[in-house]
Chemist: 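Just passing along the structure, written as structure tokens.
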Protein chains: 2
Amino acid sequence: MMKQTLTISIQDYLKHIYELTDDGKPASTNALAERLKIKPASVTGMVQKLASAKPALVEYQKHQGVTLTKEGERAALEVIRHHRLLEAWLVQTLGYSWDEVHDEAERLEHVISEDFERRIAAAMGHPLRDPHGEPIPTADLKMPLEDSTPLSAFRPNQTGVVQSVKSADDDLLRYLEALGITPGAQFEVKDYSSYDHNLTMKIGKKTSVLGLNITSKIFVEES
Amino acid sequence: MMKQTLTISIQDYLKHIYELTDDGKPASTNALAERLKIKPASVTGMVQKLASAKPALVEYQKHQGVTLTKEGERAALEVIRHHRLLEAWLVQTLGYSWDEVHDEAERLEHVISEDFERRIAAAMGHPLRDPHGEPIPTADLKMPLEDSTPLSAFRPNQTGVVQSVKSADDDLLRYLEALGITPGAQFEVKDYSSYDHNLTMKIGKKTSVLGLNITSKIFVEES
DNA sequence: ATAATAATTTAGGTAAGACTAAATTATTAT
DNA sequence: ATAATAATTTAGTCTTACCTAAATTATTAT
């Protein structure tokens, strides 16, 4: 089959900037480029355009990285709402598993109408979280605030409940599911190795040892 | 909001060529251009590319119009299957009405995966027709053959049942629905004016007079 | 402080897919 | 048959969003 020019949508730029700036710091050109799988030079060019659009979608200063303006954030939250509602809905109505939904939602999120968004939100009773436990921005585009901490910060004898898993890696998601680590699961930390930062945890009847690369992607609430 | 280059997808070219060639004759450059809302010169350019792609998607000779190759037809039927399954599914699961589904399906059809296609088809029990009564290409991409005739060919005292309405005009669709003219509806032709080709028909308790511009878009089976 | 390295931007290039205007070919009416 | 008109194609232009390579600026190590 013939291939056609595919270009990264503005929505995608904004969505990734949103995610990269959730630590409060501007997103670097390189980090954005890596996420979008294009070269840094191309990011510079597009970011300059987004900054000089009216209304401006991003704030940008040479060598300082980018942040979203009010407008840009609105647009980002709109796509994120689409994405997370779609994930929830693919799981609830079409039997997708949490490791299968990401790619499908990734493509659908850009083309659904506001009407479609309202319909699926209503059909599901306006869910607050997606299948990975991530909060769904509200219809008026406010992101609910999170009060969970990474599992990596937990130490032996602490117990908690899994709130969300921040990863689009299907292999990891399947692995965690097999271990019983899904949103809502209760656990207790049994051991911690200060040498390699591995955590030993008990979930239900299973005991698992997880490395930092994993525990830093699992967000939990103490209980 | 900033706008981005939007380019007509190959799938859209093929879909429209498919529709324009259903009378057996090649699609003209002008007709295609009008449908795609671009200039004829641009169509010529793209059609030449589609013809010299390997494998070729269309057959093309200067001034003679375009037809689809086997490959091109497969691709067209794939999108049409997507479109019609989506229409059926939007109506069945999200309460869309038949005049609302077209635009939404038009955008979704290009981005859904084969997996998604299979899931909605299965969820609906592999429907044979979309909400407008149009046949849905099968999973192996065969278009079921139609044996219906346009209502415009009917004359007084003939009775029949509406099979499909070929139109994406929401106003017309709403109008027809109000008259009871939807797939499955039974009717009887009461009168015909050879002067203006108006048909007077009885559907349920309603009697309506329809012009040729409408009766030529309604396909029926005698009964 | 300086040198080495890393990150970013600039400048210039390319390909795709639209456009316009001019040239050509086909069709229709007389 | 010829002229007028309509349809189509060609040629050349523009814009967008990517690219590479070179230049610049920032950061880090000594």
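Sequence lines set the chain letters: A, B, ... in the order given, protein chains first and strands last, and positions in each chain run from 1.
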Chemist: For a quick test of reading the model: is some side-chain N or O of Ser42(B) closer than 4.0 Å to OP1 or OP2 of dC19(C)?
Modeler: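 Affirmative; the distance criterion is met.
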Chemist: Pull out every residue in residues 6-18 of chain B that has a heavy atom closer than 4.0 Å to any atom of DNA chain D, ordered by number, or say none.
Modeler: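 Contacts with DNA chain D under 4.0 Å: none.
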Chemist: If only side-chain N and O atoms of Thr5(B) are considered, is one of them under 4.0 Å from the OP1 or OP2 phosphate oxygen of dT16(D)?
Modeler: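 So the side-chain polar atoms of Thr5(B) never come under 4.0 Å of the phosphate oxygens OP1 or OP2 of dT16(D).
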Chemist: Which atom pairs, one a donor and one an acceptor, fall under 3.5 Å between side chains of residues 142-156 of chain B and the rest of the protein, sequence neighbours left out?
Modeler:
residue, atom, partner, partner atom, Å
Glu146(B), OE1, Arg129(B), NH2, 3.3
Arg155(B), NH1, Ser152(B), O, 3.0
Arg155(B), NH2, Tyr192(B), OH, 3.4

Chemist: Over all heavy atoms of both residues, which pair between Val165(B) and Glu134(B) is shortest? Give the atoms and the distance, please.
Modeler: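 Distance-wise, the nearest heavy atoms are O-OE2, 4.5 Å.
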Chemist: So, is Gln4(A) close to the dA16(C) phosphate, meaning a side-chain N or O under 4.0 Å from OP1 or OP2?
Modeler: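 Checking dA16(C) against Gln4(A), no side-chain N or O comes under 4.0 Å of OP1 or OP2.
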Chemist: Using a 4.0 Å cut-off on heavy atoms, which residues in residues 21-35 of chain A reach DNA chain C? List them by number, or say none.
Modeler: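 The stretch gives Ser28(A), Thr29(A), Asn30(A) as the residues lying under 4.0 Å from the strand, ordered by number.
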Chemist: Output a table of donor-acceptor pairs, distance under 3.5 Å, between side-chain atoms of residues 2-10 of chain A and any protein atom two or more places apart or on a different chain; print 'none' if there are none.
Modeler:
residue, atom, partner, partner atom, Å
Gln4(A), OE1, Ile10(B), N, 3.1
Gln4(A), NE2, Ile8(B), O, 2.7
Ser9(A), OG, Asp12(A), N, 3.0

Chemist: Please determine whether a side-chain nitrogen of the Lys or Arg among Arg119(B) and Glu100(A) lies less than 4.0 Å from a carboxylate oxygen of the Asp or Glu.
Modeler: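 Yes, charged N to carboxylate O under 4.0 Å.
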Chemist: Which pairs, with at least one residue in residues 46-84 of chain B and sequence neighbours excluded, count as a ring pair (Phe, Tyr, Trp, His ring centres under 6.0 Å)?
Modeler: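 The answer is His83(B)-His102(B).
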Chemist: Just the rounded figure in Å: distance from P of dC14(D) to CD1 of Ile38(B).
Modeler: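 Computing the Ile38(B):CD1 to dC14(D):P distance gives 20 Å.
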Chemist: Find the distance Lys39(B):NZ to dA18(C):C1' and express it as a whole number of Å.
Modeler: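 Between C1' of dA18(C) and NZ of Lys39(B): 11 Å.
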Chemist: Fit a plane to each ring of His132(A) and Trp98(A), take the angle between them on a 0 to 90° scale, and name the class: parallel (under 30°), tilted (30 to 60°) or perpendicular (over 60°).
Modeler: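 It falls in the parallel class, under 30°.
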Chemist: Name all stems that contain residues of DNA chain C, defined as runs of 3 or more consecutive Watson-Crick or G-U wobble pairs, both distances under 3.5 Å.
Modeler: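 Ordered by first number, the stems with DNA chain C (at least 3 consecutive pairs each) read C:1-30 with D:1-30.
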Chemist: For a side chain to side chain donor-acceptor pair (under 3.5 Å) check, start with the C-alpha distance between Glu104(B) and Ser113(A), then their side-chain angles and the critical distance, and finish with the verdict.
Modeler: CA-CA 7 Å; Glu104(B) 196 80 53; Ser113(A) 66; 2.4 Å; yes
Chemist: Just jot down the side chain to side chain contact (heavy atoms under 4.5 Å, CB included) partners of Arg118(A), sequence neighbours excluded, or say none.
Modeler: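 Side chain to side chain contact (heavy atoms under 4.5 Å, CB included) check on Arg118(A) returns Glu114(A), Asp115(A).
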Chemist: Please lay out, stage by stage, how Thr138(A) and Asp140(A) fare under the test side chain to side chain donor-acceptor pair (under 3.5 Å).
Modeler: CA-CA 5 Å; Thr138(A) 56; Asp140(A) 62 342; 2.5 Å; yes
Chemist: Who are the salt bridge (charged side-chain N to carboxylate O under 4.0 Å, His left out) partners of Glu73(B), not counting sequence neighbours?
Modeler: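 Glu73(B) satisfies salt bridge (charged side-chain N to carboxylate O under 4.0 Å, His left out) with no other residue.
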Chemist: Between dT8(C) atom C1' and Gln48(A) atom CD, what is the distance in whole Å?
Modeler: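 Rounding to the nearest Å, CD of Gln48(A) and C1' of dT8(C) are 10 Å apart.
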Chemist: Residues two or more places apart in sequence or in another chain: which of them pass side chain to side chain contact (heavy atoms under 4.5 Å, CB included) with Leu128(A)?
Modeler: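 Per chain and number, Leu128(A) pairs via side chain to side chain contact (heavy atoms under 4.5 Å, CB included) with no residue.
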Chemist: Who pairs with Glu109(B) by salt bridge (charged side-chain N to carboxylate O under 4.0 Å, His left out), at least two apart in sequence or on another chain?
Modeler: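 In terms of salt bridge (charged side-chain N to carboxylate O under 4.0 Å, His left out), with neighbours along the sequence ignored, Glu109(B) is linked to Lys15(B).
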Chemist: Ignoring hydrogens and angles, write down the donor-acceptor pairs under 3.5 Å from the side chains of residues 19-36 of chain B, residues two or more places apart or on other chains.
Modeler:
residue, atom, partner, partner atom, Å
Glu19(B), OE1, Arg35(B), NH1, 2.7
Thr21(B), OG1, Ile17(B), O, 2.8
Thr21(B), OG1, Tyr18(B), O, 3.1
Asp23(B), OD1, Lys25(B), N, 3.0
Ser28(B), OG, Ala31(B), N, 3.0

Chemist: Treat primed atoms plus P, OP1 and OP2 as sugar-phosphate and everything else as base, then score nucleotides 21-29 of chain D 5' to 3': B for base contact with protein heavy atoms under 4.0 Å, S for sugar-phosphate contact only, - for none.
Modeler: B---SS---
Chemist: It should be established whether Tyr60(B) places a side-chain nitrogen or oxygen under 4.0 Å from OP1 or OP2 of nucleotide dT8(D).
Modeler: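 So the side chain of Tyr60(B) is outside the cut-off, no N or O lying under 4.0 Å from OP1 or OP2 of dT8(D).
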